[in-house]
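Data block below; observations after.
Read the numbers this way: they start at 1 and go in the same order the structure lists the ligands and their atoms. Predicted model only: the values in this text are computed from it and were never measured.
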Amino acid sequence: MKLTSRARFSTICLHAGQEPDPSTGAIITPIYQTSTYVQEALGRHKGFEYARTQNPTRLALERNLAAMESGKAGFAFASGMAAIGAIATLLKAGDHVVVSDNTYGGTFRLFDKVLTRYQLSFSYVDTADLAATERAFTPATKMLFVETPTNPIMRITDLRAAAELAHRHHARLVVDNTFASPFIQRPIEHGADLVTHSTTKYLNGHSDSVGGIVVAVRDDDIEWLGFVQNAEGAILGPMDSWLVLRGTKTLPLRMQQHNANGLALAEFVAKHPKVKQVYYPGLPTHPHYELARRQMNGFGGMLAFDLGSLAAARTVLNGVKLHALAESLGGVETLISHPATMTHASVPADRRAALGITDGLVRISAGIEDIEDLKEDLAQALDLS
Ligand SMILES: *Cc1c(COP(=O)(O)O)cnc(C)c1O
C-alpha cells in the first residue's frame, strides 16, 4: 500500500494518508475515540498528547485530502464554516478581501456580519470578470476568495488567471472547491494558495456528516493553520473524520455519476417548455462553457433553472416525489431546493435580485440514482406547474 509519486487520482483517494493500523494491521484506519494518550515516560510519547491537538483518524483524513488536492498539508474542522473561519485568521485588522459575489450564503454572513466587526473589509464582485475583479483590489487587499462554479448561478472563474491576479497584488488566492470537488478541479494545480471544502458535501458524499477542510501549500500558512486549529479548537471529531475517509474512497466513482446525471438533467430541463432559463456549465449555451471545458473534468452535479414565478417553483418543489426537498448538496441522493427562501434566505432581497436568484429559481443537486427515474419524477412535477 505504498503510493509512488506517480499515483493517479483514484489511487490517491483510496490510499493516501492511510497505512494499515500499526497495532493490529487493520486495513481501515480505526476511529480513535480517545481524548488523551498515555506517555511512556516524562517527555516521551508517540507524537500524540491530547486529542484537540492530534488524533490519528483526523490526521489520516488530513493527509488524504491534502494529497487529493495536490497540497502539502490539510487541517480538518468541525464544519465548512469553521474551516473558512480559520482561513480568515490569516488576516489582520485593516486587511481587505475580494470575494466572488454569489458566494455561499453562510460565507457571506460570516464575512458581512461577523468579520466586519474586526476591521476587515470585503468587496463582492463577479470574479468571472477578471477586469472587474482587478478593479476591486485596493492596496489593503490580502486575499482573493473565489468559488467556482458559484452557488446557484454557476458562474465560472478562470483559476489560473485569478491566481496570477492575486499574486501580482501580493494577495493569496483562496478557493472554496466544495461545489466541484477535487475530482473535477484541483485549484492548487492552477496556482491557488489555499483550498477549502465543506466536507459535508461531495467529499463525505453520504449526507451523514458535517465537516470542513483547509488544504495549504505555503509553509507559513501551514504553520499558522496548525497553530490556529489547536488554539481555537474547532476540530473535526474522529467519527466524522472516519466517515469522510470512507467517502473519499469512492469519490471518483460517485463524481462520474454526478457528472452524468447533472448533465442529463440540465439537458432535460433546457428542452422543457416551462423552464425559462437553465444554469449549468456543461451546456454550450452557458457563457463560460469553453472555460469550464478547459478547467473542469466534467461539469458537476449542480444545476439551477428558473420557472418564472414563486408559484411555479412551489408547485414543482411540492410535486416531486423522488427528489428530496432539502438544503445541502453533494450527497448520493438527489436534492431539490429553493435558493431564495432556503440556502440564500440570509442574503438581502436586493442582493439576491442582482445575483439572479429570483423567486422562480430552483436548484438541484443531482444524486446517483438511475437518470430515467429522476427525469420521470421531474417531468411529472413540471406537468403540475
Ligand atoms: C455548505 C457549504 C459551505 C459551508 O459548509 P458547512 O459544512 O455547512 O459549514 C461553504 N461553502 C460552500 C460552497 C458550501 O456549499
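Judged as a salt bridge (charged side-chain N to carboxylate O under 4.0 Å, His left out), the pairs with a partner in residues 214-228 (not counting sequence neighbours) are, in order, Lys72-Asp219, Arg172-Asp221, Arg218-Asp220, Arg218-Asp221.
For Asp95, the salt bridge (Lys or Arg N to Asp or Glu O under 4.0 Å) partners are Lys142, not counting sequence neighbours. Partners of Ala345 by side chain to side chain contact (heavy atoms under 4.5 Å, CB included), not counting sequence neighbours: none found.
Residues Tyr124 and Val98 do not share a hydrophobic cluster, clusters being chains of Ile/Leu/Val/Met/Phe/Trp/Tyr side chains in contact below 4.5 Å.
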Measure and list all N/O to N/O distances between ligand 1 and the protein that fall under 3.5 angstrom.
from: ligand 1; atom 1: 5 (O); to: Ser198; atom 2: OG; distance (Å): 3.0
from: ligand 1; atom 1: 7 (O); to: Gly80; atom 2: N; distance (Å): 2.9
from: ligand 1; atom 1: 7 (O); to: Ser198; atom 2: OG; distance (Å): 2.8
from: ligand 1; atom 1: 7 (O); to: Thr200; atom 2: OG1; distance (Å): 2.7
from: ligand 1; atom 1: 9 (O); to: Gly80; atom 2: N; distance (Å): 3.1
from: ligand 1; atom 1: 9 (O); to: Met81; atom 2: N; distance (Å): 2.9
from: ligand 1; atom 1: 11 (N); to: Asp176; atom 2: OD2; distance (Å): 2.6
from: ligand 1; atom 1: 15 (O); to: Lys201; atom 2: NZ; distance (Å): 2.7

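Under the 30°/60° scheme for interplanar angles, the aromatic rings of Phe299 and Tyr280 are found to stand perpendicular. By the 30° and 60° cut-offs, the orientation of the rings of Tyr37 relative to Phe48 is tilted.
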